[in-house]
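Read the numbers this way: they start at 1 and go in the same order the structure lists the ligands and their atoms. Side chains included, hydrogens not; waters and symmetry mates left out as well; all remaining heavy atoms used.
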Amino acid sequence: MTDFKRDGSHLSFCPPVEKWDDWVEYDAEAWPRRVEKHYQLVPTICFNCESACGLLAYVDKGTGQVAKFEGNPKHPASRGRLCAKGPATITQIHDPDRILYPMKRTGPRGGGKWARTSWDEVLETFGQRMRKAFQENRGEEVMYHVGRPGHDFIMDRTLQAWGIDGHNSHTNVCSSSARLGYLLWHYADRPSPDHANARFILLLSAHLESGHYFNPHAQRIIDGKMAGAKLAVMDPRLSNTASMADYWMPSYPGTEAAVLLAMAMVILGENRFDATFVKNWTNWEELEVDGFRAQGQTFEALIEALKRHYAKFTPEFAEKESGVKAEIIVKTAREIATAGSRFASHLWRGSASGNLGGWQSARALMLLHVLTGSVGTPGGHNLNAWNKFVPRPYKNPPPQKNWNELLYPLEWPLCTHEMSPLLPHFLKEGRGRVDAYFTRVFNPVWTYPDGFSWIEMLRDEEKVGLHAALTPTWSETAWFADYVLPMGFSSERHDLMSQETHAGKWIGFRQPVLRVLQEREGKKFDYTYQANPGEVWEEDEFWINLSWAIDPDGSMGIRQWFESPYRPGRKLTVDEYYGWMFENSVPGLPEAAAKEGLKPLEYMRKYGAYEVTTDVYKLNEKPVAPADLAGSKVDANGLITKEGKAVGVMVDGQPVVGYNTPSRKLELFSKTMADWKWPEFALPEYYRSHIHKSAQAASLAKPGENVDPDFDSAFDRGHVPRVEWPKDAKGEVFTLLPIFRLPHLIHTRSGNSKFLYEIAHKNPLWVNPVDAKRLGNIRTGDLLKVHTEIGFFVLHAWVTEGLAPGVVACSHHMGRWRLNKEDHVERMSSAWVDLKEVGKGQWKMRQASGVEPYLTTDPDTQRVWWSDAGVHQNLTFPVHPDPITGMHCWHQMVRVERAAAGDRYGDIFVDTNLSFAVYQRWKALTRPAPGPGGLRRPLWIPRVVRPEESAFYISAKKA
Ligand code: SF4
């Protein structure tokens, strides 16, 4: 459908592949003389966000070092283009402060004293400790906790080879809310919009500048716009993305579902929906609402019931809730109806991640796709699983037998991912301990809410026995580890990745560039750290070797999974692991390689990426396989089952595979929600968030005083917790948006990139001029004190009209800090702070100095001209686990006042006793398992590193 050139030949600046072995450019530093420089170009994959764009490393043949990174034109998703973070990889690999060797602490935990150690010592220490835990049936005390994965499947396999339920992730502070909204509709928990072929694009995100897969998505949004698509952006903040839109809809945070349902009502009311699609492809016959049962009724009766149910969602009601003009709601709804099957959208974080009940934004957005029939279509909404390809290795271990309740506790049976932000509170409640803890490219002390509770947990050796931080950069969390283990950046490691970036399936191969080049020249390495700077390693080889250290003689049954598929009983190499998959698990790759006289591994090392297929639309219409059809049964709703398992559904008289939901259709009505104690949310709904204006009024009301009948009933129904302000909290009440991204920063990993931090290094509080006046004529640069439920932070104001009144905003990317002035830190991005625990759980942080120039082997560090490192707002946020999805609801109700005389920029105070109390108030809203049949969780809902089925039953005995 698209008219771009997939081979990247439209990019005139990209060197052609045939010249990659000897690419010549003039040396810029020699100007005006024309001095040639010769490079070898090696493809790899960017590791600076999850998009997995293709990089080309330019290795200077004179120095043998990587001189720069540009885009790989052979990569099907990024097509030779990068965002600022891709080329900035060069500053990360050459940062003089980077960690080059494995380090072991020598003083008390958190004391900042380190000594170099060896990889052998690390493997021996952890291998012995983990072996003991596994032999004593304490496997669930071993926990792997990942921030940025950057790979597919290999860790799932490793943990199942160890036989443990030990995978923890950051997803519950990221995207788990939107995921539930999507998976209830169609099992797949992510959208894959086909922006390039769309006629109307609605973003509840900032995908022209940031967000998941934003570089690949941004290209295709622009492709779509250039072909005539209109763009609408719903965001309270005038982001760079919103500034490019045809319609900016600055909705009040948390009210997006009301707007989306009002749009749905316009489409329904004007009978502009795709009736055939809705009738064929939703489970409408199962719907029960407001006393109406669809079973046995006509489709027309169903539509009337829906219109009655959603009648209150008029454009005027939505305007009152959201602030978005009714006429814009009607206009965009009509444009969406006109785009029909070519309506694309995206929602990932933003409204879903910020709000209690934010998952309903995804659910309501999907209703628009269902009504327009834009599911699985060119230019429409596709399923992530249809646009992602994960090859399988030569053999895989069976699922683990146990269920780890520190990860998936009974209170949140519908959470899509691990309840990781609550780990410190779970340990405080005595639910368990962690004996061996691996944090991997992950900095919870800084990226999570409630960081002081994390520090309290990490420094307690009773709660966390031994902690290794596997990380390419220093971090606030690494400071509290026992071992800091340096892992490679984009050009220093192997990983295999695939992402749902567009209508196609591809794989991208990250590789350690210097090792690959030297091996081409005949040099041999046992391990990647021998070719990398210092002894920087890669996780793949680390886990293989750790598995051998746990089970050196193979008697525990672990080692077998890490033995070569080609050399029985010998240790698996990364060449063998990936080479086998490329030979056997990637359709078409062996043939493509053979055409060039290459082995599949050589092909992937040469090109860095491979496009598996572009035939990805309407996969739900695939016929059921004859083998599945033989001996199957069909029920009254057309569901085809075989041996008790659904294998397809009858649509228009044809047996097709459908979706992986219980009904095999798109689930307009979720029986799962009804069965699991949330019948009021069986349909897509809107309900008010924890930061809604009426919740703000309620927070200031006296006991027993009613401020808003609707909202008080929300308290009564147990949907929303009440806010209790600390006694010192003063000032006007606002909603704080704390999660917008800056396009060039990467949480922790950009901290050692001088290119990226030079671009921006400040996170002031955005304040609308109306509010600035209300706060006492605040001007840009004035100091403000922002009170949360557990403390406060002090920062500068930025008065701007780019934000709706009543809302303040602060980017989450800034505010890095360090406890040590001189070493083991990232000095260009962090403030040196004085941190004191002034009472039990009462933490005070004050900046001793901001960023200053410093002396290293890189002369640029003496030229650092900025002094601001920003303010770490996340420390002052309590956990807000959504009672259904478990997602941390990031938006904060705050009180803002002008800072007092004694307050200084960057001051932070937090009481973790209050944060524990807030956790308890939110936990009280949950409706815990068991569900039907004594289950912990619905069997059909996916789970990361899924245990065997018996573990899903609460009564299952621990193996
Ligand atoms: S979007 Fe930017 S940071 Fe992310 S993978 Fe692509 S180039 Fe790297």
*Asks:* Is D858 paired with K754 through a side-chain N to carboxylate O contact shorter than 4.0 Å?
*Replies:* yes
*Asks:* Would you call S78 a ligand 1 contact, heavy-atom distance under 4.0 Å?
*Replies:* no
*Asks:* Please classify the A52 to ligand 1 contact at 4.0 Å (heavy-atom distances, strictly less than): side chain, backbone, both or neither.
*Replies:* backbone
*Asks:* Taking the minimum heavy-atom distance to atom 2 (Fe) of ligand 1, which of P743, C83, C53 ranks first?
*Replies:* C83
*Asks:* In terms of residue, atom name and distance, what is the protein heavy atom nearest to atom 1 (S) of ligand 1?
*Replies:* N215 CB, 3.3 Å
*Asks:* Checking D246 against K225 for the salt bridge (Lys or Arg N to Asp or Glu O under 4.0 Å) test, could you report, in this order, the C-alpha distance in whole Å, the side-chain angles of both residues, the deciding distance, and whether it holds?
*Replies:* CA-CA 10 Å; D246 299 284; K225 270 178 79 77; 3.6 Å; yes
*Asks:* Name the closest protein heavy atom to atom 8 (Fe) of ligand 1, giving the residue it belongs to and the distance to 0.1 Å.
*Replies:* C46 SG, 2.4 Å
*Asks:* With heavy atoms of K85 as the reference, note each atom of ligand 1 found under 4.0 Å away.
*Replies:* 3 (S)
*Asks:* Does the plane of the ring in F442 sit parallel, tilted or perpendicular to the ring in H145? Use 30° and 60° as the thresholds.
*Replies:* tilted
*Asks:* Assess K68 against Y58: is NZ or CZ under 6.0 Å from the centre of the six-membered ring, and within 45 degrees of the ring's axis?
*Replies:* yes
*Asks:* Number the atoms of ligand 1 from 1 as they appear, then name those within less than 4.0 Å of a heavy atom of N48, with their elements.
*Replies:* 3 (S)
*Asks:* Would you call D495 and R493 a salt bridge, taking side-chain N to carboxylate O under 4.0 Å as the test?
*Replies:* yes
*Asks:* Closer than 2.8 Å to atom 6 (Fe) of ligand 1: does that hold for any N, O or S atom in C49?
*Replies:* no
*Asks:* Any luck finding a side-chain donor-acceptor pair between Q92 and R98 under 3.5 Å?
*Replies:* no
